[in-house]
Colleague: 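This is the structure, below, for whatever I ask next.
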Amino acid sequence: MVAERLAVEYPEAVCELDHTNAFELLAATILSAQCTDARVNMVTPALFARYPDPQTLAGADPSELEEIVRSTGFFQTKAKNLIGMAQALLERYDGEVPTELDDLVTLPGVGRKTGNVLRTVVFDLPGLPVDTHVGRLSRRLGLTQQDDPVKVEHELESFLPPAAWGPFSLRTILHGRRVCDAKKPRCADCVLEDVCPSSSLPRRRGAANTTKA
DNA sequence: ATCCCGAGGG
DNA sequence: CCCTCTGGAT
């Protein structure tokens, strides 16, 4: 139900982190932690020009890399993770980005959210990235009561078909940014208002639909 | 003051 | 479970 409505509203939801291959998306997604994708897209042109592949990134000078990624926040950690990620790709994966989540999450700076982004965006494999938007909207919509992103991910995956995982995540993120933002959700402009238990709009008793998805 | 496509460590 | 890491936008 909710997933279908979002599909109608955002038919072409895409990942907005600029990239031309899996390695670039991996680096961009590592930088996206607690940072807007627009900000990430401001630094990645210089990043990819200076370090176009795992070989060059693995040998990067930490302070030079820190200056390039500084404006994305957590810059010391992110620079260290980017170098470690590139070294791990060379040492353990022949310089290629792995496709299995269990492999992806062994890379420095890569957790389930980042791994699932890679799977659904560049590998066309099942992956449900649960970021702050997906967690917040899933709770507001009554799709889960969980707070832990891993538990949210598993609960959503239990009633959504694998082919819908990625698109649901991308559309939920778009809806979270445009309409259902953290501070002041615009319920009057929301296509899910009639089925949302958290809607701030007046509504007659019992009008909210309780079925999931 | 609060949030942004989090992850790692204790 | 908690805490820390960080800058930019609103």
Side-chain angles (χ1 to χ4, degrees), chain A residues 6 10 12-19 22 24-44 46-47 62-63 65-89 97-98 101-123 126-141 143-154 156-157 164-186 198:
Chain A
L6 288 173
Y10 308 106
E12 302 273 315
V14 291
C15 173
E16 296 191 13
L17 292 170
D18 294 338
H19 64 282
E24 289 187 356
L25 181 61
L26 184 51
T29 310
I30 287 173
L31 291 179
S32 75
Q34 294 299 298
C35 178
T36 60
D37 52 355
R39 171 59 54 183
V40 173
N41 290 338
M42 292 181 203
V43 313
T44 45
L47 179 72
S63 30
L65 180 54
E66 284 174 10
E67 289 316 303
I68 295 176
V69 304
R70 175 179 288 273
S71 69
T72 66
F74 301 156
F75 66 93
Q76 293 180 340
T77 304
K78 288 176 180 177
K80 193 188 310 171
N81 285 338
L82 285 172
I83 293 172
M85 172 274 281
Q87 292 174 343
L89 289 184
V97 180
L101 192 58
D102 288 345
D103 292 319
L104 285 161
V105 297
T106 70
L107 302 170
V110 180
R112 295 187 66 90
K113 178 259 171 179
T114 300
N116 278 320
V117 167
L118 267 289
R119 282 176 62 80
T120 186
V121 175
V122 294
F123 296 137
L128 179 30
V130 175
D131 68 341
T132 177
H133 293 296
V134 176
R136 181 182 70 251
L137 268 68
S138 295
R139 283 185 289 276
R140 284 180 177 171
L141 287 163
L143 301 180
T144 184
Q145 329 238 84
Q146 301 293 343
D147 200 38
D148 176 5
V150 179
K151 292 179 182 173
V152 174
E153 179 190 334
H154 288 137
L156 294 175
E157 289 173 350
W165 294 354
F168 175 80
S169 179
L170 273 314
R171 288 164 183 152
T172 302
I173 289 164
L174 258 188
H175 192 59
R177 291 200 330 220
R178 295 181 182 175
V179 180
C180 193
D181 59 280
K183 288 184 178 176
K184 205 167 160 291
R186 303 171 50 191
S198 309

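Just so we're clear, the structure is a prediction, and the values are computed from it rather than from any experiment. Values below: all heavy atoms of this structure, side chains included; hydrogens, waters and symmetry mates excluded. Naming convention: chains lettered A, B, ... in sequence-line order (proteins, then strands); numbering from 1 in each chain.
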Colleague: In whole angstrom, give me the gap between the C1' atoms of B:dG8 and C:dG8.
Modeller: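 Straight-line distance between the two C1' atoms is 23 Å.
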Colleague: Of the residues in residues 133-141 of chain A, which ones touch DNA chain B at a heavy-atom distance under 4.0 Å?
Modeller: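 A:His133, A:Arg136 - these, ordered by number, are the residues of the stretch whose heavy atoms sit under 4.0 Å from the strand.
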Colleague: Distance check, P atoms only: C:dT6 and B:dG10, in whole angstrom units.
Modeller: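 Rounded to whole Å, the distance is 15 Å.
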Colleague: Going 5' to 3' along DNA chain B, which are the first and last nucleotides with any atom under 4.0 Å from a heavy atom of chain A?
Modeller: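 Span of nucleotides near chain A: B:dT2 to B:dG8.
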Colleague: Report the residue (A:Pro108 or A:Val14) whose heavy-atom-nearest nucleotide on DNA chain B is the more 5′ of the two.
Modeller: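 That would be A:Val14.
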Colleague: Does A:Ala33 offer a backbone N or O that forms a donor-acceptor pair with the side chain of A:Lys78 under 3.5 Å?
Modeller: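 At least one qualifying donor-acceptor pair exists.
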Colleague: For A:Ser169 and A:Val134, work out which heavy atoms get closest and say how close.
Modeller: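 Looks like OG-CG2, 3.7 Å.
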Colleague: Look only at the side chain of A:Thr106 and the backbone of A:Asp103, and say whether a donor-acceptor pair between them is shorter than 3.5 Å.
Modeller: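 Yes, the answer is positive, given that a donor and an acceptor are paired below the 3.5 Å cut-off.
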Colleague: May I ask you to say what A:Glu16 touches in the nucleic acid, namely base, sugar-phosphate or nothing, with a heavy-atom cut-off under 4.0 Å?
Modeller: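 The residue A:Glu16 makes base contact.
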Colleague: When we call it a touch if two heavy atoms are under 4.0 Å apart, what does A:Leu170 touch: a base, just sugar-phosphate, or nothing?
Modeller: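 The answer is base, as A:Leu170 lies within the cut-off (heavy atoms under 4.0 Å) of a base atom.
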Colleague: When you list every nucleotide of DNA chain C with an atom under 4.0 Å from a heavy atom of chain A, which one comes first 5' to 3', and which comes last?
Modeller: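 So the contact region on DNA chain C extends C:dC5 to C:dT10.
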Colleague: Backbone N or O of A:Tyr10 within a donor-acceptor pair of the A:Arg171 side chain at under 3.5 Å?
Modeller: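 Flag set: sc A:Arg171 to bb A:Tyr10 pair under 3.5 Å.
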Colleague: Using distance alone, with no hydrogens and no angle criterion, decide if A:Lys113 and A:Ser32 have a side-chain donor and acceptor under 3.5 Å apart.
Modeller: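 Indeed, the side chains of A:Lys113 and A:Ser32 share at least one donor-acceptor pair under 3.5 Å.
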Colleague: Quick one: on DNA chain C, does A:Lys183 or A:Thr77 contact a more 5' nucleotide (nearest heavy atom)?
Modeller: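 The 5'-side residue here is A:Thr77.
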Colleague: Remember a base hit wins even if backbone is also touched, and classify A:Thr29 as base, sugar-phosphate or nothing at under 4.0 Å, heavy atoms.
Modeller: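 No contact.
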Colleague: Which value, rounded to the nearest 0.5 Å, describes the distance between A:Leu141 atom CG and A:Arg136 atom CZ?
Modeller: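 A:Leu141 CG to A:Arg136 CZ: 10.5 Å, rounded to 0.5 Å.
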Colleague: Between B:dC5 and C:dC5, how many Å separate the two P atoms, rounded to a whole number?
Modeller: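 Between the two P atoms, the distance is 23 Å.
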Colleague: Map A:Asp148 and A:Thr72 onto DNA chain C by nearest heavy atom, then report which one ends up closer to the 5' terminus.
Modeller: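 Going by which nucleotide is closer to the 5' end, it is A:Asp148.
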Colleague: With a 3.5 Å cut-off and sequence neighbours excluded, list the donor-acceptor pairs that the side chains of residues 79-88 of chain A form with protein atoms.
Modeller:
{"from": "A:Asn81", "atom 1": "ND2", "to": "A:Thr77", "atom 2": "O", "distance (Å)": "3.4"}
{"from": "A:Gln87", "atom 1": "NE2", "to": "A:Ala58", "atom 2": "O", "distance (Å)": "3.2"}

Colleague: When rounded to the nearest Å, what value does the distance between C1' atoms of C:dC1 and B:dC4 take?
Modeller: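 That atom pair is separated by 24 Å.
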Colleague: Pick base, sugar-phosphate or nothing for A:Leu25, based on heavy-atom distances below 4.0 Å to the nucleic acid.
Modeller: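 A:Leu25: no heavy atom of the nucleic acid under 4.0 Å.
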Colleague: Side chain of A:Arg119, backbone of A:Pro126: donor and acceptor closer than 3.5 Å?
Modeller: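 At least one qualifying donor-acceptor pair exists.
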Colleague: The criterion is side chain to side chain contact (heavy atoms under 4.5 Å, CB included); which residues satisfy it with A:Val43, sequence neighbours excluded?
Modeller: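 In terms of side chain to side chain contact (heavy atoms under 4.5 Å, CB included), with neighbours along the sequence ignored, A:Val43 is linked to A:Leu31, A:Ser71, A:Thr72.
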Colleague: Should A:Leu65 and A:Leu47 count as side-chain neighbours, where that means a heavy-atom distance under 4.5 Å?
Modeller: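 When only atoms from C-beta onward are counted, A:Leu47 and A:Leu65 do touch, with a gap below 4.5 Å.
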Colleague: What residues, two or more places apart in sequence or in another chain, satisfy side chain to side chain contact (heavy atoms under 4.5 Å, CB included) together with A:Asp18?
Modeller: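 A:Asn41.
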Colleague: Look at all strands and tell whether A:Val117 reaches a base, only sugar-phosphate, or nothing, counting heavy atoms closer than 4.0 Å.
Modeller: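 Touches a base.
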Colleague: Considering every strand and a 4.0 Å limit on heavy-atom distances, what is the contact class for A:Pro149: base, sugar-phosphate, or nothing?
Modeller: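 A:Pro149: no heavy atom of the nucleic acid under 4.0 Å.
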Colleague: Nearest heavy-atom pair of A:Val40 and A:Cys35: which atoms, and what distance?
Modeller: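 Minimum heavy-atom separation between A:Val40 and A:Cys35: CG2-SG, 3.9 Å.
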Colleague: More 5' along DNA chain B: A:Thr132 or A:Thr106, using each one's nearest nucleotide?
Modeller: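 In this pair, the answer is A:Thr132.
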